[in-house]
A.B. asks: 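Sending over a structure as structure tokens; questions will come in a sec.
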Amino acid sequence: MTSVGQNVWYDCMSTDTEAAIRFYTEVIGWKTQPWQNADPNNPYTLWLVGERAIGGVMTLPDEARKMGAPSHWLAYTTVADADATSARAEKLGGKIYKPPFDIPNVGRIAILADPQNAVFAIYKPQGEMPASAGEQPGEFCWSELNTTDYQGAWKFYSELFGWRHRSSMDMGPAGTYFMFHDEAELTKGGMSNVAKQMGLPPHWLYYVNVADMDATVERIKQHGGKILNGPMDVPGDDRIAQCQDPTGAAFAIYTRGKK
């Protein structure tokens, strides 16, 4: 059942969709399927985990290119009303990059940015759109906001989506890592001021569950991707690595530790 505040869909907005499809099918193991209802002038390909679609890949829109956006991943968070949520985001200090619009038989979406200018999407599904728990290989399992003011960002997102504080972790000189979840505890993530420390623009980074960290890292390198950070151990005996695909889109991988 769909509820508000859940990340239920992930799009790769790419400067080279064919390269992206080759990379992720080889590295992550996703299957693909053309979306039959796509505009013939703007093809859209679905990412599949088994028989379940989890997102898609499309050409980076011209308006995004003109704004200097590179290839990137974009998550869609469920809302009860796309128009009201867009207006609320603006009142809370955010921006509306693409006003709400309908996709027939899918739902209503909008592209927004938070007060620090990290981009995200909202989605009012036409039907049920359940979120995944992220426990199976190939599923997205964590959403991380690297920003310049995580406390200001948290005020924005908690008021917009009703996300709840889960716990915080002291990272020493790197500051606080602030973790959250939605009401159903399906959308899980964290935020910190890493972007400020590294001189990067604020952005969301999405983690994919993989069965074998070391093997996945090798495939990333073999197929033209880059390892930006890691692999590294994190609390719980889990392992993570931050990566980049051949078109420049950043993503991350996660492996659950042995219990």
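Along the sequence shown, residues carry numbers from 1. Keep in mind that the numbers below use all heavy atoms, side chains included, and drop hydrogens, waters and symmetry copies.
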A.B. asks: Check the hydrophobic clustering (I, L, V, M, F, W, Y; side-chain heavy atoms under 4.5 Å; chains of links allowed) and say if Trp35 and Tyr123 are grouped together.
C.D. replies: yes
A.B. asks: Does any donor atom in the side chain of Ser71 or Thr15 lie under 3.5 Å from an acceptor atom in the other side chain?
C.D. replies: yes
A.B. asks: Does Val27 reach the side chain of Thr216, with side-chain heavy atoms less than 4.5 Å apart?
C.D. replies: yes
A.B. asks: Enter the distance from Ser167:OG to His181:NE2 here, rounded to the nearest 0.5 Å.
C.D. replies: 8.5 Å
A.B. asks: How far does CD1 of Ile96 sit from CD1 of Ile111, to the nearest 0.5 angstrom?
C.D. replies: 11.5 Å
A.B. asks: Looking only at heavy atoms, what is the nearest atom pair of Tyr254 and Cys141, with distance?
C.D. replies: CD2-SG, 3.6 Å
A.B. asks: How about Phe140 and Tyr10: are their ring centres within less than 6.0 Å of each other?
C.D. replies: yes
A.B. asks: Can the ring centroids of Tyr24 and Trp47 be said to lie less than 6.0 angstrom from one another?
C.D. replies: yes
A.B. asks: Is Phe120 reachable from Phe178 through a run of hydrophobic residues whose side-chain heavy atoms are each under 4.5 Å from the next?
C.D. replies: yes
A.B. asks: Taking a hydrophobic cluster as the set of Ile, Leu, Val, Met, Phe, Trp and Tyr residues connected by side-chain heavy atoms closer than 4.5 Å, whether directly or through intermediates, do Ile103 and Val79 fall within one such cluster?
C.D. replies: no
A.B. asks: With a 3.5 Å distance limit and no angle check, can you tell me whether Trp30 reaches the backbone of Gly138 through a side-chain donor-acceptor pair?
C.D. replies: yes
A.B. asks: If you round to the nearest 0.5 Å, how far is CE of Met179 from NZ of Lys188?
C.D. replies: 13.0 Å
A.B. asks: So, do Thr45 and Ile21 sit near enough that their side-chain heavy atoms are less than 4.5 Å apart?
C.D. replies: yes
A.B. asks: Using 4.0 Å as the upper bound for N to carboxylate O, is an ion pair formed by Arg108 and Asp83?
C.D. replies: yes
A.B. asks: For Trp154 and Phe180, take the angle between the two ring planes, folded into 0 to 90°, and tell me which bin it lands in: parallel under 30, tilted 30 to 60, perpendicular over 60.
C.D. replies: tilted
A.B. asks: Compute the centroid of each ring, for Trp73 and then for Tyr206, and state whether the two points are separated by less than 6.0 Å.
C.D. replies: no
A.B. asks: Supply the atom-to-atom distance Lys31 NZ to Arg52 CZ, rounded to the nearest 0.5 angstrom.
C.D. replies: 15.5 Å
A.B. asks: Is any side-chain heavy atom of His72 closer than 4.5 Å to a side-chain heavy atom of Leu60?
C.D. replies: yes
A.B. asks: Mind checking whether Val119 and Met58 sit in one hydrophobic cluster, side chains of I, L, V, M, F, W, Y counted as touching below 4.5 Å?
C.D. replies: yes
A.B. asks: Treating Asn193 as the side-chain partner and Asp149 as the backbone partner, does any N or O pair qualify as donor plus acceptor under 3.5 Å?
C.D. replies: yes
A.B. asks: For a side-chain contact (heavy atoms from CB on, under 4.5 Å) check, start with the C-alpha distance between Asp182 and Phe161, then their side-chain angles and the critical distance, and finish with the verdict.
C.D. replies: CA-CA 8 Å; Asp182 71 342; Phe161 294 137; over 6 Å; no
A.B. asks: What I'd like to find out is whether the side chain of Val217 reaches to under 4.5 Å of the side chain of Ile253, using heavy atoms alone.
C.D. replies: yes
A.B. asks: Can you tell me how far the CG atom of Leu112 sits from the CD1 atom of Ile122, to the nearest 0.5 Å?
C.D. replies: 4.5 Å
A.B. asks: When clusters are formed by joining ILVMFWY residues with side-chain heavy atoms under 4.5 Å apart, either directly or through shared neighbours, do Met169 and Met191 land in the same one?
C.D. replies: no
A.B. asks: Are side-chain heavy atoms of Thr17 and Pro43 found at a separation under 4.5 Å?
C.D. replies: no
A.B. asks: Please evaluate residues Thr247 and Cys12 with respect to the criterion side-chain contact (heavy atoms from CB on, under 4.5 Å), reporting the C-alpha separation (whole Å), side-chain torsions for both, the decisive distance (0.1 Å), and the verdict.
C.D. replies: CA-CA 10 Å; Thr247 77; Cys12 180; 5.5 Å; no
A.B. asks: Does a sphere of radius 6.0 Å around NZ in Lys95 hold more than 12 heavy atoms from other residues, nucleotides or ligands, not counting ones at 6.0 Å or beyond?
C.D. replies: yes
A.B. asks: Is the shortest heavy-atom distance from the side chain of Ile240 to the side chain of Met232 under 4.5 Å?
C.D. replies: yes
A.B. asks: Which value, rounded to the nearest 0.5 Å, describes the distance between Asp214 atom CG and Arg219 atom CZ?
C.D. replies: 11.0 Å
A.B. asks: Do side-chain atoms of Glu26 reach the backbone of Arg22 as a donor and acceptor pair under 3.5 angstrom?
C.D. replies: no
A.B. asks: Looking at Asp233 and Arg239, is there a salt bridge between them, counting it only when a charged N and a carboxylate O are closer than 4.0 Å?
C.D. replies: yes
A.B. asks: Any side-chain heavy atom of Ile220 sitting closer than 4.5 Å to one from Phe251?
C.D. replies: yes
A.B. asks: Does the side chain of Trp9 reach to within under 4.5 Å of the side chain of Ile109, using non-hydrogen atoms?
C.D. replies: no
A.B. asks: Is it the case that Thr85 and Arg88 place a side-chain donor and acceptor less than 3.5 Å from each other?
C.D. replies: no
